[in-house]
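Remarks on the structure that follows.
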Amino acid sequence: MTEKEILRLVADPGFADWLNQIQRVHGCAHPIYLAGRTVIRDPESGTVLHEYSTATAPGGKIAVRCRNRRESVCAPCSWVHAGDTWHLVRAGLLGGKGVPPAVSRHPRVFVTLTAPSFGPVHRLGEQRRRCRPRRDAPLCPHGRELSCAQVHSRTDPLIGQPLCPQCYRYSDHVLWNALAPDLWSRTVRVIRRRLATAGGIPRAKLKEHLGAAFTKVAEFQRRGAIHYHAVIRLDGPDGPASEPPAWATIEVLSNAIVSAVQSVYSPLPYAPEIGHFEARWGTQLDIHSITVGRGAVSDQAVAAYIAKYITKDVGSFGGTDRRLLTRHQIARRPVSRHFRTLMRTAWDLGDAPALASLRLRARAHTLGYGGQALTKSARYSTTYKKLRAARAAHAGPVLPVGEMDAAWRFVGAGHTPAEAEIAAGVASDLAWAREAANEVRDA
Ligand SMILES: [Zn+2]
Ligand SMILES: [Zn+2]
Ligand SMILES: [Zn+2]
């Protein structure tokens, strides 16, 4: 069926133009089609400086990328986004894209922040480590053994599942995911306060001596809890172009982070459904100073690591991408029982008036988490917007400055099955070319 459709598509007189558009959008899996025109005029004389219209384009429309960052939704767009993320993180570590290269000499650390335990779960058997061996093998109140002597391989679906689902603190877990973004912003504030204390400077005057720039990416662990990977860099008072004061060393920064992570918490107002709840970080905290060049915690490796995580979401960890409209839909989502229980818990807590601001129903499919995949401070490096503009300028003519008159409308989205197959071919050709380029670069 599809084969016949492909033959018909290829034989179409407009095929070459269509293929051209699909190549331009990198083989996007869900392109958006727009029709319209843009006219730029000189504001004084009214002379037309630039005119673009889809009237002469194939089918009278132009394809635009869906720009989804998630690999599970649109792999080609997720790769473009991962590339932009890599540039964004890398520029903050090594300079470039408008950031001075001297930043590579500033104190820079790579931090991983985790959630606390909400009950024992099965663990990955790294280096043949057994899951949770206990000689005394205690029983929980539900009669389940709170031990596991297996060595779980990476693909074992048991990893991240609780030893006893009835003991597991599901509502704490969902609330923690929901509060993680607030916990992070409080942590950043406390880090800045601790730095001021270390330098003997009043908190309000810290900016006159020191800047702390960061970027962070969120990742779902197998148990469905969020954790954060962050880059934190110290600058002088004028941002990346200025040297931090001599007292602001990696050690001072690391101590400020440890102290902040241990003391900070994000409280919820009392609600009868949950009692008193406050989110705190887990005890597992990794801080590494970032080295120059190559190696496990080098600036190159950290940029690649963060770029890889930006394409992942809860779907990549056995969750689901689509928002839930009813509680019944949870039963039909192809996820583990553990994730379904997290979704139901979020859905049910979404009813509580005191928790309305957490929007737990709208976030039930992401297990309560509603934060951004990547956040950064204003002075970290460049922006996605600037990177996209640079790519567009590279790909096409620079538009003249003038009075812009633009009228565009949405005329459709997505592919027919035959178009989808050809677009996937375009995307995999580009992926192959990119991999080859990477190999040449790394050789
Ligand atoms: Zn796309
Ligand atoms: Zn186990
Ligand atoms: Zn139990």
Side-chain angles (χ1 to χ4, degrees), residues 18-19 21-34 61-85 117-135 137-173 221-224 310-313 315 318 321-322 336-338 341 345 373 384 388 391-392 395 410 412-416 419-431 434:
W18 176 82
L19 186 63
Q21 287 210 4
I22 295 311
Q23 280 165 339
R24 224 177 25 79
V25 295
H26 302 268
C28 172
H30 307 282
I32 293 157
Y33 288 101
L34 300 173
K61 59 189 185 177
I62 184 173
V64 180
R65 293 200 304 117
C66 76
R67 279 199 195 168
N68 201 296
R69 68 165 177 87
R70 290 132 82 202
E71 198 174 13
S72 54
V73 177
C74 178
C77 288
S78 83
W79 297 328
V80 174
H81 191 71
D84 283 354
T85 304
S117 169
F118 307 107
V121 298
H122 293 279
R123 301 188 280 200
L124 174 66
E126 267 175 305
Q127 284 150 10
R128 306 286 307 153
R129 185 181 68 171
R130 289 197 290 160
C131 178
R132 291 180 179 277
R134 295 269 306 254
R135 210 163 292 150
L139 297 182
C140 79
H142 311 98
R144 291 193 179 88
E145 268 186 30
L146 293 180
S147 70
C148 171
Q150 293 184 52
V151 178
H152 300 294
S153 72
R154 195 163 287 281
T155 51
D156 191 334
L158 263 183
I159 298 174
Q161 307 286 307
L163 269 60
C164 175
Q166 280 165 287
C167 284
Y168 195 82
R169 301 199 317 280
Y170 278 99
S171 74
D172 287 5
H173 181 147
Q221 293 175 300
R222 291 282 287 265
R223 61 176 166 146
I310 200 73
T311 65
K312 307 289 179 203
D313 58 11
D321 292 328
R322 278 169 304 118
S336 67
R337 196 168 59 162
H338 177 55
T341 309
T345 307
Y384 282 119
R388 280 198 289 265
R391 205 174 40 238
F410 173 85
H415 292 302
T416 65
E419 288 172 343
E421 210 146 303
I422 292 177
V426 168
S428 78
D429 282 355
L430 288 170
R434 192 185 52 242

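Because only heavy atoms are used, hydrogens play no part in the values below, and waters and symmetry mates are left out as well, while side chains stay in. In this text the structure is predicted, and so the values were computed from the model without any measurement. Read the numbers this way: they start at 1 and go in the same order the structure lists the ligands and their atoms.
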Could you please compute the angle at the Zn ion (ligand 3) from SG of Cys140 to SG of Cys167, rounded to 10°?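 The two atoms form an angle at the metal of about 110°.
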Listing request: all side chain to side chain donor-acceptor pair (under 3.5 Å) pairs with a residue in residues 123-134, at least two apart in sequence or in separate chains. Arg134-Asp136
Any chance you could lay out the side-chain contact (heavy atoms from CB on, under 4.5 Å) test for Tyr384 and Thr85, step after step, and finish with the verdict? CA-CA 8 Å; Tyr384 282 119; Thr85 304; 2.7 Å; yes
Classify the angle between the aromatic ring planes of His415 and Trp18 as parallel (below 30°), tilted (30 to 60°) or perpendicular (above 60°).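 Taking Trp18 first and then His415, their aromatic rings stand perpendicular (interplane angle over 60°).
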Does Phe118 form a side-chain contact (heavy atoms from CB on, under 4.5 Å) with Tyr168? I'd like the steps, not just the answer. CA-CA 6 Å; Phe118 307 107; Tyr168 195 82; 3.6 Å; yes
How would you list, by chain and number, every residue that makes a salt bridge (charged side-chain N to carboxylate O under 4.0 Å, His left out) with Arg169, sequence neighbours excluded?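 Counting only residues at least two positions away or on another chain, Arg169 forms a salt bridge (charged side-chain N to carboxylate O under 4.0 Å, His left out) with Asp172.
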Least distance between heavy atoms, Cys74 atom then Cys66 atom: CB-SG, 3.6 Å
CA sep, side-chain torsions, deciding dist, call: His152, Leu124, side-chain contact (heavy atoms from CB on, under 4.5 Å): CA-CA 5 Å; His152 300 294; Leu124 174 66; 5.6 Å; no
Residue and atom names of protein N/O/S atoms that fall under 2.8 Å from the Zn ion (ligand 2): His122 ND1, Cys131 SG, Cys148 SG, His152 NE2
Name, closest N/O/S atom of His142 to the Zn ion (ligand 3): ND1
Environment of the Zn ion (ligand 1) in terms of protein N/O/S atoms, cut-off under 2.8 Å: Cys28 SG, Cys66 SG, Cys74 SG, Cys77 SG
Would the distance check show the side chain of His173 and the main-chain N or O of Gly224 forming a donor-acceptor pair, the cut-off being under 3.5 Å?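 Side chain of His173 to backbone of Gly224: a pair is present.
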Contact check, side chains of His338 and Pro165, non-hydrogen atoms, under 4.5 Å: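 Counting from C-beta outward, His338 and Pro165 never come under 4.5 Å.
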May I ask you to test the Asp84-Arg388 pair for a side-chain heavy-atom distance under 4.5 Å? yes
